[in-house]
Amino acid sequence: MSIVTSSAVAALAFLPVKSDAPDERHGTGSAEGGAAYRELALFGEVLEQVRNRHVDAPKDAQLIRAAIDGMLTLDAHSSYLPPERFDEIRRQDAGSFGGLGIEATVEDGVVKVTALIEDSPAGRAGIRANDRIVEVDGKPISGQTLEQMPALFLGEVGSTAELAILREGVASPIKLKLRREIITLGIPRLTFEQAVPVIRLASFSEQTQEGMERVIRAAVDGAGRPPAGIILDLRNNGGGPLDQARRVADAFLARGAIFYSRGRDERMSRYAAHPDAVDALIAAVPVIVLVNGGTASAAEIVAGALQDRRRATLVGTRTFGKGVVQTVIALGEHAGMSLTTARVYTPSNRSIQALGIEPDIEVVQAVPEAYAGKATVAGEAGLARHLRGEQGEATFTSSIYVPAAHADDEQLQYAIKLILGQVHHAAYPADIENDQARPLQVQLR
């Protein structure tokens, strides 16, 4: 199986699914094969010169790793996965592990928090996005790499970690002692706001489909009858397994295409919805999907499918624009690689790559002064080495700020008012009877 992950989410948020390596080979007697061997001979000569003459006498493993990393700079999302990172991917694949609930990246050798996993030790302790973690268990961690970060935060359930955090506007380091818990990813969470069911999906994992079916049933049972509307919150959802994106969209659709994918062989694969008891349960219920600049990859596939099929009204700001698929390939027992292998398209043949999905109703969230300048993200087209957008590109920034208090969440409150009939817009409710998604008739080039 293939998966979709977002470059907007740090290493601790990857949610890939392992896949068998594709079997694509060139005949050694072909002109292409001969050229490849000549280039390999050149590589061997460069390797020999560097290992024998470089002033620092580099190790062979160091040189080979650098060559592999260089080979995978073909696009922004392909990468080599050393054992530490590959093991982390396998833990995240299951959607459950022992940890603190921190998503982070490394900027200039500093570990910087990018997001908190919902209902986690880190979130409850008050750690914020943009906090800088400078110590773990009394040891400075400057200079850490992405591969080393999982070892800092993950561990046995019940074990503790002491963090020292620097926060802008706070003079002294903030010291916190956290106890690791089971962190679950990709589990939809249901709340009711003014009797309107709100399904929050922060990421995807192998547990997502089962969880989505459960909360949809609970949304109907909680109201005692089909609700006036359902809100699906995909804001700051960076993606995950492609198959789970299909299954989530299928829970809201009874028929037709969900998305298409196309690899290097130019053949299109079609992924379709099927009627079942879950989508029948809410067939007449209007749906609103909340999106923003942090909605990426698999989450964009769901949003695009429900928008094209006129099953949902999208509210918020433009999505990230990652419309390519990564296949995770095992290299031996522990290491692996994440390789971009396909592009994806919405049911009406729109390319997501470097464009994103525009909402039907744009609602821009007001940002507190403390987050000024830190509450937006550049889209896929702003990434170095991004794959070109076949249907054009858009360079933009989009909001990623979502208030913790639902009363301050303007996008959520607007969606609730739409459902309750307190405000009106021509785009709501979406009219699935006038589904205008066109079936794919020709190969896209």
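As a basis for the values below, the full set of heavy atoms in this structure was taken, side chains included, without hydrogen atoms, waters or symmetry mates.
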Please determine if [X] and [Y] form a salt bridge, counting it only when a charged side-chain N lies under 4.0 Å from a carboxylate O.
X	Y	answer
Arg385	Asp75	no
Asp409	Arg235	yes
Asp221	Arg217	no

Side-chain ([X]) to main-chain ([Y]) donor-acceptor, under 3.5 angstrom:
X	Y	value
Thr376	Ser399	no
Lys175	Lys177	no
Glu410	Gln365	no
Gln207	Thr184	no
Arg200	Asp233	yes
Gln411	Val364	no
Arg309	Ser348	no
Asp250	His274	yes
Arg124	Asp119	yes
Gln307	Leu314	no

>> Run the side chain to side chain contact (heavy atoms under 4.5 Å, CB included) test against Ala381 and tell me which residues pass, sequence neighbours left out.
In response: Ala354, His386, Glu393, Thr395

> When Val315 is tested against each of Asp360, Leu412, Leu290 for side chain to side chain contact (heavy atoms under 4.5 Å, CB included), which residue passes?
Replying inline: Leu290

Hey, are [Y] and [X] close enough side-chain-wise for a donor-acceptor pair under 3.5 Å?
X	Y	value
Gln194	His406	no
Gln209	Arg214	no
Arg350	Gln391	no
Ser398	Thr317	yes
Glu390	Tyr345	yes
Thr340	Gln326	yes
Thr346	Asp308	yes
Gln244	Glu206	no
Thr327	Thr341	yes

Is there side-chain contact between [X] and [Y], with heavy atoms separated by less than 4.5 Å?
X	Y	answer
Thr397	Val377	no
Ile361	Leu418	yes
Ile102	Leu163	yes
Gln413	Gln422	no
Thr313	Val287	no
Leu185	Phe204	no
Ile282	Phe252	yes
Thr319	Asn292	no

> Under the ring pair (Phe, Tyr, Trp, His ring centres under 6.0 Å) test, which residues partner Phe259, sequence neighbours left out?
Replying inline: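 Once residues adjacent in sequence are excluded, the partners of Phe259 under the ring pair (Phe, Tyr, Trp, His ring centres under 6.0 Å) criterion are Tyr271.
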
>> Show, in sequence, the C-alpha distance, side-chain angles and deciding distance for Arg310 and Asp431, and conclude whether the salt bridge (Lys or Arg N to Asp or Glu O under 4.0 Å) test is met.
In response: CA-CA 6 Å; Arg310 299 182 66 83; Asp431 184 4; 5.2 Å; no

Under the salt bridge (charged side-chain N to carboxylate O under 4.0 Å, His left out) test, residues paired with [X] that sit two or more places apart:
X	result
Arg167	Asp131
Lys417	none
Asp137	none
Arg180	none

> For Arg247 and Asp276, what are the C-alpha separation, side-chain angles and deciding distance, and is it a salt bridge (Lys or Arg N to Asp or Glu O under 4.0 Å)?
Replying inline: CA-CA 11 Å; Arg247 293 172 184 270; Asp276 55 50; over 6 Å; no

Minimal non-hydrogen separation, [X] against [Y], with atom names:
X	Y	answer
Gly293	Phe320	O-CB, 3.4 Å
Gly304	Pro347	O-CD, 4.2 Å
Glu193	Val198	CG-CG2, 3.9 Å
Gly186	Leu201	O-CD1, 3.9 Å
Leu190	Ala218	CD2-CB, 3.6 Å
Arg343	Leu387	NH2-CB, 4.0 Å

> With a cut-off of under 6.0 Å to the ring centre and 45° to the axis, is Arg318 in cation-pi contact with Phe396?
Replying inline: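 Pair Arg318/Phe396 counts as cation-pi.
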
> Take atom CD1 in Ile182; do more than 12 heavy atoms of anything else shown fall under 6.0 Å from it?
Replying inline: no

